[in-house]
Each structure stands twice: as structure tokens, then as C-alpha cells.
Amino acid sequence: MHELALAERIVEIAEEAARAHGAAHVRSIRLDVGSLSHVEPDALAFAFDVVARDGIASAARLEIRRTPGSAWCGPCGRAVLAERLGDPCPHCGGYQLQVTAGDEMRVRDIEID
Ligand SMILES: [Zn+2]
């Protein structure tokens with residue numbers, strides 16, 4: 001399960017940040033998840049609860065923000081907005097899209113005390 005590995009990584013990052021600042025708790029973690037990534041926010045939130053349970057991030061709120069994706073359409077010769085993985089080009093209906101942004105996940109902000 002892909003989300004479990006991601007959740008472990010997120011908890012690790014948050015705990016490292018807390019330790020580095022001598023904080024006892026992680027209050028919240030804000031994530032940017034590209035809408036073209038293979039990450040399922042609900043599954044990630046669930047995995048996070050499981051992984052964080054016994055650590056200092058156990059009470060942390062996980063806020064997941066979906067960031068828009070974009071892709072390059074070869075036939076159209078232009079960049080297009082891509083809402084979801086597997087969707088066709090909104091202009092020509094073709095499937096020759098190359099994702100240029102929105103397939104990544106990153107920790108935007110961690111609140112500790
Ligand atoms: Zn197109």
C-alpha cells in the first residue's frame with residue numbers, strides 16, 4: 001500500500017522537525033497533493049492515523065490540499081489543465097498528454113509546540 005509508505009515518510013518528517021526544535025507535539029501538517037498524483041487523500045489520511053498513533057504526531061491534524069495539475073498536449077501543441085489522471089485533453093479529447101505538474105506530493109507546513 002503506497003499511501004502507508006507516504007504516511008510513514010510524512011510522520012518521519014514531522015517528528016524530525018519537532019525534535020529539531022525541541023517541540024513535544026506536532027499540531028498539524030499541511031500537505032500539497034497534486035491532483036495528478038496517485039495519492040488517494042482518504043487513504044493517506046487513514047494511513048497517517050495508523051502510523052502516527054503512538055508517536056508525538058498522534059494528535060496532529062493532517063490537512064490535505066489538492067493542487068491543480070497541468071499537462072502538455074502534443075496534438076494541440078499547448079499546455080492544458082488536467083484535473084485527473086487518465087482524463088483526456090479538454091480541447092481535442094486526445095490522450096497524448098504528458099504531465100508537467102501536479103503529480104507530486106510535498107509537506108507545505110508543519111505546526112509544532
Ligand atoms: Zn489536445
Nearest heavy-atom neighbours spanning Gly69 and Leu81: O-CD2, 3.5 Å
Least distance between heavy atoms, Leu62 atom then Ala45 atom: CD2-CA, 3.9 Å
Common cluster, Ile64/Val11, ILVMFWY with side-chain heavy-atom separation under 4.5 Å: yes
Phe48 side chain reached by Ile29 side chain, heavy atoms, under 4.5 Å: yes
Over 12 non-hydrogen atoms of neighbours within 6.0 angstrom of NE2 in His38: no
For Glu63, side-chain hydrogen bond (donor to acceptor under 3.5 Å, both in side chains) partners two or more places apart: Arg30, Arg61
Value rounded to 0.5 Å, distance of OG in Ser70 from CG in Leu36: 7.5 Å
Nearest heavy-atom neighbours spanning Ile112 and Ala17: CD1-O, 3.7 Å
ILVMFWY cluster, Leu85 and Trp72 together (side-chain gap under 4.5 Å): no
OG on Ser37 to CE on Met105, rounded to 0.5 Å: 8.5 Å
Qualifying residues under side-chain contact (heavy atoms from CB on, under 4.5 Å), relative to Asp54, sequence neighbours excluded: none
Least distance between heavy atoms, Cys73 atom then Cys92 atom: SG-SG, 3.8 Å
Check: Glu40 main-chain N/O paired with Glu3 side-chain donor or acceptor under 3.5 Å: yes
Other residues, nucleotides, ligands: >12 heavy atoms within 6.0 Å of Glu83 CD: no
Residue pair Gln96 / Pro75, side-chain heavy-atom distance below 4.5 Å: yes
Spatial distance of atom CD1 (Ile56) from atom CD (Glu15) [nearest 0.5 Å]: 5.0 Å
Closest contact, heavy atoms only, Ala18 versus Val26: CB-CG2, 4.0 Å
Non-hydrogen atoms of Leu31 and Val107 that approach each other most closely: CD2-CG2, 3.6 Å
Separation of Leu44 CG from Leu6 CG (nearest 0.5 Å): 6.0 Å
Atom pair CD1 (Ile13) and CD1 (Ile110), whose distance is rounded to the nearest 0.5 Å: 6.5 Å
CG-NE2 distance between Leu4 and His2, expressed to the nearest 0.5 angstrom: 11.0 Å
Salt-bridge present (Arg19, Glu16; N to O < 4.0 Å): no
Side chain Ser35, main chain Thr67, donor-acceptor under 3.5 Å: yes
